[in-house]
Structure formats: structure tokens, C-alpha cells
Amino acid sequence: MPIATRAFAATASDKPLAPYSFERRDPGPDDVAIAIKFAGVCHSDLHIVKNDLGNTRYPIVPGHEIAGIVTAVGANVTRFKEGDRVGVGCMVDSCRQCAPCKEGEEQYCVPGMTQTYGSPDPKGVEVGQTITQGGYSDAIVVDQNYVLSIPDSLPLDAAAPLLCAGITTYSPLKTWNVGPGSKVAVVGLGGLGHMAVKQAAAMGAEVTVLSTSDRKKADAERMGARHFLINSDKDAMKAAAEKFDLIINTVSATHEIAGHLNLLAKDGTMVMLGLSTEGMPVFAMPLLWRRRRVAGSLIGGIRETQEMLDFCAANNIACDIELIAPDRINEAYERMEKSDVRYRFVLDIEKLAA
Ligand SMILES: [Zn+2]
Ligand SMILES: [Zn+2]
């Protein structure tokens, strides 16, 4: 049976999100049906709602930081059963044939992953859905291979944002081999930045936060940062030159990066995680002088996402969240545009109006 689903959707780039109803597909043999309990609010939701990339199809239900409880499983599903605590992140399928898929890096699928919302959805056609719809809703049906298990020790609400923010920071920390003795700088203490600080500190790194003001200094220290730098403080930036092995840059607004490159030690890397739609100046001199690199990184594969959830559970790491009712989503977007959130909004889906 198709599943009647209540949601919040955007119907146009200049309209507020509003209540919306639709049907999820009848779960197939490989599917897991999930009652969504919490959905994190990611900055990319805002980009899609506002059509910043120019390819949004409406109506669209955003949300790719999903935590909930399994309500039913198909005949072939072995890893999950009714009542399990589960999560769904940024993707719900991929081609499963290409090299990245076979290597467990489905986020880099060559034909492209099926994103949790806004991707063509052949499986949804039977219930009139042509694109995938995300987590600002009370139910979702997902192939078991793209469902994550949320460890019992993690609270579901504060675990939801791990499914995008948490894996987006965890993957580069692992890729660049952060461990005891590593010196890691995190630029921007927001939804991504605060996860990077907690995870890098738990991996044994010496963590420094770079921010535009000292408003969040006490928070940074509580999360595990040892040092705090204000990036307009020229003397402090000079003193920090060549200190870091890795810079996790989470700032999505276009900004000058040349000054930050000088903070990297020889062979150091700055990883860009913020989704900026504009170009940024990169100068060759600071790169070649110390064989530095500027890199990017996109979420993580399913296997790595499960590893991240288990790592966070083992180290008592979750997101700092502001839990809100879904009908406050538009106000949350306005506050996010002013970076006024500590540190992630999460929708309490049980408060969806009947
Ligand atoms: Zn996201
Ligand atoms: Zn693939």
C-alpha cells in the first residue's frame, strides 16, 4: 500500500514553505519504510528552496538529515526490522555499478547518486512522484542499502544532523589521516564547523577555530578546541602561519582564502566544504611555496557514514541543536541566513499539524 505522507514543501522560490500531502511508494522487497521523527535543516535545503542552483523542481520537500523508526521492511531486507532506529542522509540510491559505487563512495557515483530530494525518482512514478521528496515529512521509503543504523546511545534528534553535517566533516578528517598530534584548523563555527571540532578533537587532534568574532569562543572550547583565532586579527594570523596540517573550511559565503593558505604547513591541505556558487581567488604563490593543496570533499559513502555514526556514539558526539516545530521552518531559514543558530535546527516531525 502506498503511504499517505504529510510534509512541508516549497512551491516556488519566493514563497514560504507550507503544509503539503503526497504518497510514498508501496514498499518493495528491498525497501525499508520509516516513520520520520526528526529532520535536520541543512544550508543546502535553503539553496534548493531558493533555486540558487537554477534546477529546482517544485513542489519540493527538502530534508536530508533524517532520523526515525522502521515501520515495515520488504521480504529481502535482512539488516533492519520493525522498531529499529535508523537514519537516511543525502542519498537514497546510486547506480551500484561504477567504480566509486563499488568502492563504497556512492556520493561520487559517475551517473550521479539519487539525492534524497530533488532527483528523478523512477520508483515514485507509481504514486505520481517524478522527483524524490525529502525529510520534512512524516514517512519515507528507502532501499535498505542506503539506510543507516543509529546506535542506541545517540539521541535521535541530535543524531539527525550527523547524516549530512556529521559525515561531511568526518570524511575529510579520515581522508587526510587526522589523528593524535594532527594540527587542524576549522574555519567557521556553524553546523559543519562544530561537528568538525568535536570529531577532530575526539580523533586526538589539536584543534583551532578561526572565526570572525569571539562570540563563540566559549562554545568552541567546550567542544574541544584548544585555540581560537579571530581571522581579522593580523598579528594572530601571522603568528599562526605554517601551523596546520589540515584546514576544514566550512564557510559557504565567498571569501578571501589566500590569507588562510599561509596557515598551512608544508604539504598541508585546505578542504572546502561550504557550497559556494561563486568563484574564489586562488593565488599560486602560497600553494607552490610549501606544496600546499586546496581540495573539496562531498559528504561520504554509506559505509563511511555508518562508521561515522558508530564513532560518534563511541565518543559521545552529537550535534548541538535547536529543536523546533515544522511550522517554524520559514523563521528558521531567516535565522540561518543570518547565521543565527546554535548549531543546527532540527524539525520535531511529531509536531506536524494533523
Ligand atoms: Zn546537507
Ligand atoms: Zn555509481
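Hydrogens, waters and symmetry mates play no part in the numbers below; they use all other heavy atoms, side chains included. Indexing begins at 1, ligand by ligand and atom by atom, following the structure's order. Because the structure is predicted, anything quoted here is derived from the model rather than measured.
- In this structure, the side chain of Arg85 engages the main chain of Leu154 through a donor-acceptor pair within 3.5 Å.
- Remark: the Asp310 side chain and the Gln306 side chain contain an N/O donor-acceptor pair separated by less than 3.5 Å.
- With the Zn ion (ligand 1) as the vertex, atom SG of Cys164 and atom NE2 of His64 span an angle of 110° (nearest 10 degrees).
- With a 6.0 Å radius and a threshold of 12 heavy atoms from other residues, nucleotides or ligands, Arg303 has its CZ atom at or below the threshold.
- Remark: the Tyr108 side chain and the Glu103 side chain contain no N/O donor-acceptor pair separated by less than 3.5 Å.
- Here Cys101 contributes SG and Cys109 contributes SG, and at the Zn ion (ligand 2) these two atoms make an angle of 110°, given to 10°.
- Draw a line from the Zn ion (ligand 2) to SG of Cys98 and another to SG of Cys95, and the angle between them is 100° (to 10°).
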